[in-house]
Amino acid sequence: MWTNLIELLLALGLSPPMVLTLVVVEILTVRSGAVRGVSTRIRFGTSRLLRRMMMRRPHAPTDGDWPYGTFLQRLDPTVRATLLANGVRRQVPAGQILIHEGRHEAHLVLLEDGLTKVTASLPDGRTALLALRIGGDLVGEMSALNNRPRSATVTTCGPTRYSVIQPDRFKTFLRDHPDAALELAAMVSGRLRWSNRRRIDFSSYPVKIRVARVVAELCRSHGRQDREAVVIDVRLTQPELATICGAAETSIQKALRELRVDGLVETDYRRITVRDLAALRECGGITDDA
């Protein structure tokens with residue numbers, strides 16, 4: 001019985017000292033009679049203690065789990081493992097600032113699980129939402145490479161697991177893995193292209209089209225298929241949507257109302273559901289190569 005339990009714990013990836021501690025706790029629990037029927041639960045490896053341990057273990061993405069376009073998804077498995085080994089892992093709840101705008105610091109943050117938002121302060125005191133970053137994304141690379149102050153703040157939107165990588169270790173990693181350096185350049189280029197497209201949108205399109213384009217982009221990067229609709233798994237406020245679209249909040253409200261009337265989207269508290277993604281893309285003038 002105990003052999004099966006130990007094998008189960010080791011299979012879950014727990015360290016031998018942790019396994020020994022859990023077994024001792026279970027033995028003491030059985031002898032004290034504090035929990036009824038514990039022998040049966042141990043036999044099937046499903047005692048309350050073990051269940052809690054398994055529920056708390058974070059999901060470790062496999063090679064195919066990393067979202068398309070993220071830095072980790074771009075890397076070969078062996079190179080990805082090397083990069084992850086260079087970091088110090090941390091886990092924080094929602095609302096934690098991982099990178100502070102304006103600070104003179106150069107470490108990188110490699111997101112492994114969770115959602116973060118990238119924001120910057122505006123001269124009038126407001127905060128502009130610049131981008132959203134998810135598990136597999138790398139943030140803080142600019143300061144690490146050019147030794148300049150942080151250009152934005154990165155805040156967690158939910159429980160987040162990430163690794164902190166020091167700039168000297170990252171530079172050594174890039175020297176040892178030229179293909180990773182090329183993928184980093186491609187990633188930065190893609191972000192610059194997205195930023196330039198937003199600037200063009202601000203000057204070229206009315207607010208409704210801007211909103212349609214941004215929401216369609218969020219469907220691609222953060223959307224979840226749900227029956228006949230796409231649910232954007234981002235708790236995005238209307239002020240944040242207004243800053244990313246470069247429009248006033250009242251204009252955003254009007255645009256969303258029109259998209260609802262057209263049957264393209266539904267909106268709830270901090271949630272957008274797209275009912276007709278093809279029509280939304282057409283509304284935004286988005287082509288396949290946009």
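FYI, the numbering just counts along the sequence from 1.
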Q.
With salt bridge (Lys or Arg N to Asp or Glu O under 4.0 Å) as the test, pick out the partner of E112 among R133, R80, R90, R89.
A. R89
Expected list for residues 151-158: side-chain donor-acceptor pairs under 3.5 angstrom, two or more places apart:
residue : atom : partner : partner atom : Å
T153    : OG1  : E101    : N            : 3.0
T156    : OG1  : P93     : O            : 2.9
T156    : OG1  : G95     : N            : 3.0
T156    : OG1  : Q96     : N            : 2.9
T156    : OG1  : Q96     : O            : 3.4

Q) Under the side chain to side chain contact (heavy atoms under 4.5 Å, CB included) criterion, do L259 and C283 qualify, and how do the steps go? A) CA-CA 9 Å; L259 292 174; C283 176; 4.1 Å; yes
Q) Taking all atoms of both residues into account, what is the closest heavy-atom pair of A279 and L264, and its distance? A) CB-CD2, 3.4 Å
Q. R161 side chain to D113 main-chain N or O, any donor-acceptor pair under 3.5 Å?
A. no
Q | Given D137, V188, L83, the one that forms side-chain contact (heavy atoms from CB on, under 4.5 Å) with F71 | A | L83
Q: Measure the spacing between CG of L182 and CG of L174 and express it to the nearest 0.5 Å.
A: 10.0 Å
Q: Could you tell me whether the side chains of T237 and E240 share a donor-acceptor contact shorter than 3.5 Å?
A: yes
Q: Report the distance from atom CG of D176 to atom OG1 of T82, rounding to the nearest 0.5 Å.
A: 9.0 Å
Q. Which heavy atom of G87 sits nearest a heavy atom of S163, and at what distance?
A. CA-CB, 4.1 Å
Q: Please report the C-alpha distance between L241 and L256 in whole Å, then the side-chain angles of each, then the deciding distance to 0.1 Å, and finally whether the side chain to side chain contact (heavy atoms under 4.5 Å, CB included) criterion is met.
A: CA-CA 11 Å; L241 183 59; L256 288 174; 4.1 Å; yes
Q: Heavy atoms only: give me the nearest V274-C219 pair and the separation to one decimal.
A: CG2-SG, 3.3 Å
(Q) To the closest 0.5 Å, what do you measure between CD1 (I272) and CD1 (I232)? (A) 5.0 Å
Q: Give a yes or no on whether I134 and L130 share a hydrophobic cluster (residues Ile, Leu, Val, Met, Phe, Trp, Tyr; joining criterion: side-chain heavy atoms under 4.5 Å apart).
A: no
Q | Contacts of type side-chain hydrogen bond (donor to acceptor under 3.5 Å, both in side chains), residue T127, not counting sequence neighbours | A | none
Q: Check the surroundings of atom CZ in R260: do more than 12 heavy atoms from other residues, nucleotides or ligands lie under 6.0 Å from it?
A: yes
Q: Quick one: do L111 and T116 satisfy side chain to side chain contact (heavy atoms under 4.5 Å, CB included)? Show the steps, please.
A: CA-CA 9 Å; L111 300 172; T116 64; 3.5 Å; yes
Q. Closest heavy-atom contact between R210 and G246?
A. NH1-O, 2.7 Å
**Q.** Over all atoms of both residues, closest heavy-atom pair of V79 and A180
**A.** CG1-CB, 4.1 Å
Q. Does the side chain of L218 come within less than 4.5 Å of L132's, by heavy atoms?
A. yes
Q) Does I165 share a hydrophobic cluster with I99, counting links as ILVMFWY side-chain heavy atoms below 4.5 Å and allowing steps through other members? A) no
Q: Report yes or no: do V109 and M142 belong to one cluster of Ile/Leu/Val/Met/Phe/Trp/Tyr joined by side chain heavy-atom distances under 4.5 Å?
A: no
**Q.** Check: G284 main-chain N/O paired with R213 side-chain donor or acceptor under 3.5 Å
**A.** yes
Q) R175 and T172: side-chain donor and acceptor closer than 3.5 Å? A) yes
(Q) Looking at Q225, I want to see if its CD is surrounded by more than 12 non-hydrogen atoms of other residues, nucleotides or ligands under 6.0 Å. (A) yes
**Q.** Apart from I209 itself, residues in the same hydrophobic cluster as defined by side-chain heavy atoms under 4.5 Å
**A.** Y205
Q.
Looking at every heavy atom in both S251 and V207, which two are closest together, and how far apart are they?
A. O-CG1, 3.8 Å
(Q) Is there a side chain to side chain contact (heavy atoms under 4.5 Å, CB included) between T267 and Q238? Walk through the geometry before answering. (A) CA-CA 10 Å; T267 58; Q238 288 192 358; 5.6 Å; no
Q. Roughly how far, to the nearest 0.5 Å, is the OG1 atom of T273 from the CZ atom of R227?
A. 12.0 Å
Q. Could you give the distance from NZ (K117) to CG (L129), rounded to the nearest 0.5 Å?
A. 7.0 Å
Q: Spell out, as yes or no, whether a donor-acceptor pair under 3.5 Å connects the side chain of E282 to the backbone of I286.
A: no
**Q.** Gap between atom CG of L138 and atom CZ of R74 - 0.5 Å precision
**A.** 11.0 Å
Q: Determine which pairs satisfy salt bridge (charged side-chain N to carboxylate O under 4.0 Å, His left out) with at least one residue from residues 143-159, sequence neighbours left out, and list them in order.
A: E105-R150
Q. Taking C-beta and beyond as the side chain, do Y162 and V92 meet within less than 4.5 Å on heavy atoms?
A. yes
Q.
Using a 4.5 Å cut-off between side-chain heavy atoms of Ile, Leu, Val, Met, Phe, Trp and Tyr, which other residues end up in the same hydrophobic cluster as I97?
A. none
Q. Of all residues at least two apart in sequence or in a different chain, which pass the salt bridge (Lys or Arg N to Asp or Glu O under 4.0 Å) check with D168?
A. none
Q.
For residues L72 and L184: do they belong to one hydrophobic cluster (side chain heavy atoms under 4.5 Å, members Ile, Leu, Val, Met, Phe, Trp, Tyr)?
A. yes
Q) Are V139 and V164 connected, step by step, through hydrophobic side chains (Ile, Leu, Val, Met, Phe, Trp, Tyr) whose heavy atoms are closer than 4.5 Å? A) yes
